Amino acid sequence: MKRFAHPLTRPWLAYLVAGLLATAVYFVLPWNTLGQGFVYDGIGVSAAVAVVAGTLLHRPALRVPWYLFAGGLLAFAVGDTIFNLYDKIWHRQPPVPSAADVFYLAGYPFLAAGLALLIRRFEARRRVAGLIDAAIFSVAFALAQWVFLIDDLVRGSGSAAAKGVALSYPAMDVVLLAALATFFLSPAWRTVAYRYLAASIVLLLIADEVYGTAPESYADTTWLDTGWLLSYVLWGVAALHPSMRSLSEPRSTARQPRLHAVRVLFLGAALLTASTVLLIQRTRGERIDAVPIAIAAALLSALVLERLARLVRGLDRLRREEREARAEAEFARRLLAEQNERLREADRLKDEFVALISHDLRTPLTSIMGYLELTMDDETLGEESRSYLDVVQRNSDRLLRLVNDLLFVARLEAGELDLRRTEVDLGAVVRQSVEEARPRAAAKGIELGCEAQSVPELRADRGRMFQLLDNLISNAIKFTPEGGRVDVRLLQRGPNVRIEVVDTGIGISPEEQGRLFERFFRATTATERHIPGTGLGLYIACAIAEAHGGGIDVESEPGRGTTFCVELPPIRAAQSSEPELVR
Amino acid sequence: MTEERPVVVVADDDEDILLLVGATLTGGGYAVEVARDGRAALELVRERAPAAAVLDIAMPELDGLDVLRQVRSDPATANLPIVLLSARAQEHDVARGYELGASKYIRKPFSPRELVTVIDELVGR
């Protein structure tokens with residue numbers, strides 16, 4: 001729902017409407033009357049009051065410029081009033097110079113100083129470029145002012161004082177234009193207050209210039225008064241608009257001022273001023289003001305040169321910065337390459353270490369297990385000795401499994417798990433794994449069941465599949481108390497093959513189930529009962545399942561049992577049978 | 001009697017394993033010639049023209065892979081059945097052994113019974 005914005009809820013809008021109405025009333029009233037004079041002076045004073053009110057209302061960070069504006073506008077209004085007193089009350093022409101001139105001429109520096117203070121808030125580098133551009137406009141404008149207004153006044157008749165006052169107005173316009181031009185080229189143009197302010201100054205300058213070229217009696221009403229009156233109103237509106245706050249805030253932007261087409265066009269026009277003035281004077285057959293034209297042309301050239309020099313220096317700086325940035329990037333790249341090299345070396349050393357450890361553990365194990373087998377082949381061996389040697393064999397097997405697991409984990413961590421995929425009949429793998437585990441289950445009095453449905457052949461690493469199943473079945477037997485039951489099932493589940501290993505063991509608490517597949521993790525149910533293990537079996541099982549594109553899941557209830565489910569997706573024969581590196 | 005037994009050259013730098021393999025193969029009906037480094041193994045292979053050789057990989061002088069390479073490159077011994085018996089258990093070690101022409105790669109620890117079976121198959125007994 002759109003809210004109705006009553007002008008009174010927005011002081012700037014209220015003042016704009018009132019100002020426009022007052023201006024209209026001014027022209028509706030009988031011309032050159034006291035009433036008209038009151039309206040004119042009232043508008044002037046109201047502008048000064050509006051600027052003060054806006055400053056108090058919006059409390060900008062920098063208030064001095066606005067008070068200077070108020071002072072300048074008030075000086076103008078006082079000048080207007082004095083003029084009207086001469087014209088409408090005392091019915092005579094004011095002397096030259098009069099008190100009105102003093103107030104008028106005093107008003108310009110106030111306005112220019114206010115603008116200068118606002119401009120100072122902008123970021124330095126931008127300001128310099130903007131200032132040079134503004135100087136180019138100002139020099140061009142000053143040349144035109146000199147040749148077409150001031151020069152005639154200087155050469156005209158009249159007292160020195162009268163001449164001085166008369167040429168002060170165009171000179172003040174140059175000052176105001178210089179400030180305006182700088183302001184125009186500042187990054188403040190996005191704010192609404194800025195636009196009102198700029199419009200106000202432009203109207204003031206236009207009215208001044210038009211009046212300057214054809215001076216009538218200032219006190220007489222003319223349509224030119226529109227310019228001055230609206231200038232007052234818009235200045236007040238600018239101060240009352242909330243955006244005047246951001247106009248007073250310091251701006252910092254790293255961006256250089258952009259050379260828009262309009263800006264280039266204006267600068268070009270300014271640079272053509274000297275030639276144009278020369279041509280106009282020549283065409284009109286006037287005396288050519290060679291010295292001012294030469295000075296202005298020289299100044300304009302110097303300013304353009306400075307602007308160019310700054311641009312070139314800026315480009316040089318950019319190039320230098322770019323070179324430095326490139327050098328830094330190159331340095332960083334080299335550093336990274338060296339670090340990578342060191343990492344590769346560390347990785348290589350780790351691999352070597354793992355291979356060495358694996359080799360050095362296997363060599364003594366070879367003797368232990370080999371001689372053990374030879375000894376146990378002796379049929380004359382006593383029953384007791386045989387049972388001792390069984391213990392040695394079981395523990396040798398455990399040690400070998402540990403060595404293999406450590407080697408596997410090291411390869412996995414290095415991202416070098418080799419999968420040698422072939423067509424694998426998973427049913428056969430499951431049955432064989434169960435048969436191999438049967439003596440271990442029987443030794444604990446655990447019933448080991450196997451139920452393998454016929455499933456399509458899978459492209460998998462047969463050795464790793466054995467390892468996966470062996471890990472899960474060994475685990476189930478290890479954690480199931482005597483007299484328990486372990487079941488291994490193979491079934492088709494949608495497109496996937498599913499292996500389930502179900503036990504009636506001690507189970508795992510729900511809190512620990514999520515960590516079960518972490519490296520070296522051991523469940524408290526296992527550690528509390530001193531069940532031996534490294535915490536690598538399920539980690540390896542999970543890694544193998546994942547390397548085959550599948551996953552592993554667990555369901556468990558402490559005291560009731562645990563089910564591990566492995567899901568393996570079908571892998572088409574088209575996929576490579578070459579050994580692949582799983583990362 | 002011993003002359004009729006096929007000769008198998010066994011090379012390993014570990015004395016215990018050398019004895020183990022020797023005892024295993026002797027028990028399996030072979031005459032065993034032992035070497036404690038690769039160079040000695042290579043000399044034995046050239047001198048004794050054995051029926052098979054069982055080589056460790058990590059050995060002084062010449063390693064088992066070097067011996068394998070030289071045996072294969074000599075036409076007189078190129079077809080000798082060679083079993084690599086190594087504690088180097090990684091897949092790429094095994095693959096490398098077969099690449100160089102090993103007849104069989106057995107990882108340590110190994111089953112003596114299995115070793116005899118493998119040699120029997122290789123020499124056609």
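This structure is a prediction, so every number in the text was calculated from the model and none was measured. The sequence lines fix the lettering, A, B, ..., with proteins before strands; numbering per chain opens at 1.
When all heavy atoms are compared, the tightest approach of A:E373 to B:R113 is OE2-N, 3.0 Å. Closest approach of A:R362 and B:K108 over heavy atoms only: NH1-O, 2.8 Å. Between B:P112 and A:G370, the closest heavy-atom pair is CG-O, 3.5 Å. Contact between B:L20 and A:S367 at its shortest, heavy atoms only, is CD2-CA, 4.4 Å.
The CG atom of B:L19 lies 4.5 Å from the OH atom of A:Y371; values are rounded to the nearest 0.5 Å. B:I17 CD1 to A:T366 OG1: the interatomic distance, rounded to the nearest 0.5 Å, is 4.5 Å. We find the CG-CD1 distance between B:D16 and A:I368 to be 10.0 Å, quoted to the nearest 0.5 Å.
In this structure, the portions of A:L365 lying under 4.5 Å from any heavy atom of chain B include both its backbone and its side chain.
For A:E345, the CD atom sits in a packed shell: over 12 heavy atoms of surrounding residues, nucleotides or ligands are nearer than 6.0 Å. Residue A:K444 qualifies as enclosed at atom NZ: its count of foreign heavy atoms under 6.0 Å is above 12. The environment of A:R398 atom CZ is sparse: at most 12 non-hydrogen atoms of other residues, nucleotides or ligands sit within 6.0 angstrom.
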